[in-house]
There are 2 protein chains.
Amino acid sequence: MFDFLQQKVNETISISEEEFEYAKTLFLPKKLRKRRFLFEEGEPCIYTTFVEKGLLRSYTIDEKGSEHILQFAMQGWWSGDLYSFLTGEPSEYNIEALEDSELLLITKESWDQLLKEVPAFERYFRILIQNNLIATQRRLMGTFSTTAEERYQKMLKEFPDVIQRVPLHMIASYLGVTRETLSRIRSQITSGS
Amino acid sequence: MFDFLQQKVNETISISEEEFEYAKTLFLPKKLRKRRFLFEEGEPCIYTTFVEKGLLRSYTIDEKGSEHILQFAMQGWWSGDLYSFLTGEPSEYNIEALEDSELLLITKESWDQLLKEVPAFERYFRILIQNNLIATQRRLMGTFSTTAEERYQKMLKEFPDVIQRVPLHMIASYLGVTRETLSRIRSQITSGS
DNA sequence: AAATGGATGTGATCTATGTCACAGTTTTAA
DNA sequence: TTAAAACTGTGACATAGATCACATCCATTT
């Protein structure tokens, strides 16, 4: 149940077996079935989540009713709404399982506890968030400087598994285009070469 | 020279006077005149920078020659290219002073040293990066869900001082539109109400 | 096995924003 | 103090991508 988390943590920091055993006590394992939600817009995000198995998406819905996907979280990734998690404010995001998933949940209190008791986790999360920031900045600059097709091609290379496992209209709303546009892009690519 | 840095750090973490005195020894003060660069595309980003006074921008140039601004950094903000700073790889960004500026520079080696000797800084940077990530995620979702005018109006509210101090074409490339479009938006707003 | 809802493809049109071109104004540097 | 460079505005036109409207097609549930 904690295999992937342990592996990921050990890739970044060195902690003792006892420290990891302690960490385990602070997480709540949970199974979430396909199409079920971890939380929905308007509720506070009371857990930050590690994905041991499965696939999640976090997304917002704008005033016109369109969905915009912030993140797909596969095995070994973290998910949640940082702002809501830290402040307790209602979230603007929804988190939904796209496949039957096994999650490890941690509350703000337990997380604070973990950082306090095992300071190496402060470093772990700093590095995790840092890499996330770098990737998000790239994605932002990419939406300014590249066409929808270029972004799709890039995603094909970077996350081929996500594209395999996720319906097209969700890929579209991750890339910031409509499903119709992505459908046309894809048929053009297939015919073109 | 270190007033703003000290203030900002104390807003987030508690450290002793001696610890801050130690931190000060790891920074290199530098004045950067308007239109001068801290580094340019292709060079590694060897310093992360705190702005004591003035205003910086970081931006990329795409294949068509268009500029895209990642960040404006005013007094009390940090700037740099995280990826290049951490890996030593050549940066894709340029950092330029938009006004005569006073900066505090720190190298990767000194930064590692700082985090090791004063672990509270690990927490400081985790929180800093965390807030930056939250803001960048919002900006990304905003480019998907709002029009150019809405983004401009939002920026007017959030960063009126940046808009005052920075030429229109740079605001445009921060918002992800052309200067012509922003010019038209602005004249429309002025006439409209 | 039928039925319901989710997912995809594709045509016809619309629109926000980009591109190009030029003029006028302000700032900077020699 | 003057030339050069940076900045802003605006018209005419072009275009990537959005919208709307159907038609299949596929998967899940009963």
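In what follows, chains are A, B, ... by sequence order, proteins preceding strands, each numbered from 1.
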Beyond-backbone contact of B/Leu98 with B/Arg165, side-chain heavy atoms, under 4.5 angstrom:
no
Atom pair OH/CD1 of A/Tyr59 and A/Ile95 - distance to nearest 0.5 Å:
10.5 Å
Measure from CD1 on B/Ile189 to C1' on D/dG9 and round the result to the nearest Å.
15 Å
Nearest 0.5 Å please: distance from the CD atom of B/Glu96 over to the CG atom of B/Leu32.
9.0 Å
Between the protein and nucleotides 23-30 of chain D, which nitrogen or oxygen pairs are less than 3.5 angstrom apart?
none

Of the nucleotides D/dT8, D/dC7, C/dT8, which one has an atom closest to the side chain of B/Leu168?
D/dT8
Between D/dA6 (P) and B/Arg165 (CZ): distance, integer Å:
21 Å
If you check the A/Ser183 side chain, which of C/dT8, D/dA18, C/dG18 turns out closest?
C/dT8
Assess, by modelled atom type and distance only, whether the side chains of A/Ser145 and B/Asp62 contain a donor and an acceptor separated by less than 3.5 Å.
no
A/Lys64 NZ to D/dT19 P, straight-line distance once rounded to whole Å
7 Å
Less than 4.0 angstrom between a side-chain N/O of B/Ser187 and OP1 or OP2 of D/dT10, yes or no?
yes
Separation of A/Leu182 atom CG from D/dA16 atom P, in whole Å?
16 Å
Expressed as a whole number of angstroms, how long is the span from B/Arg36:CZ to C/dT28:C1'?
13 Å
Per the under-4.0 Å heavy-atom filter, residues of residues 141-153 of chain B near DNA chain C come out as B/Thr147, B/Ala148
Nearest whole Å is fine: how far is C/dC14 P from A/Glu180 CD?
16 Å
Check step by step if side-chain hydrogen bond (donor to acceptor under 3.5 Å, both in side chains) holds for B/Gln188 and B/Arg184.
CA-CA 6 Å; B/Gln188 199 186 329; B/Arg184 281 185 252 264; over 6 Å; no
Charged N to carboxylate O under 4.0 angstrom, A/Arg138 versus A/Glu158?
no
CG-CD distance between A/Leu114 and A/Glu122, expressed to the nearest 0.5 angstrom:
9.5 Å
Donor/acceptor link under 3.5 angstrom from B/Arg184 side chain onto base of C/dG18:
no
Give a yes or no on whether the ring-centroid distance for B/Tyr174 and B/Phe72 is below 6.0 angstrom.
yes
If two hydrophobic side chains count as joined below 4.5 Å and joins carry through other members, does B/Trp111 share a cluster with B/Tyr124?
yes
Name the residue closer to the 5' end of DNA chain D, choosing between B/His169 and B/Thr181 according to the nucleotide with the nearest heavy atom.
B/His169
Answer with base, sugar-phosphate or nothing: what part of the nucleic acid does B/Arg186 contact at a heavy-atom distance below 4.0 Å?
sugar-phosphate
Rounded distance (Å) that lies between atom P of C/dT17 and atom CD1 of B/Ile185
6 Å
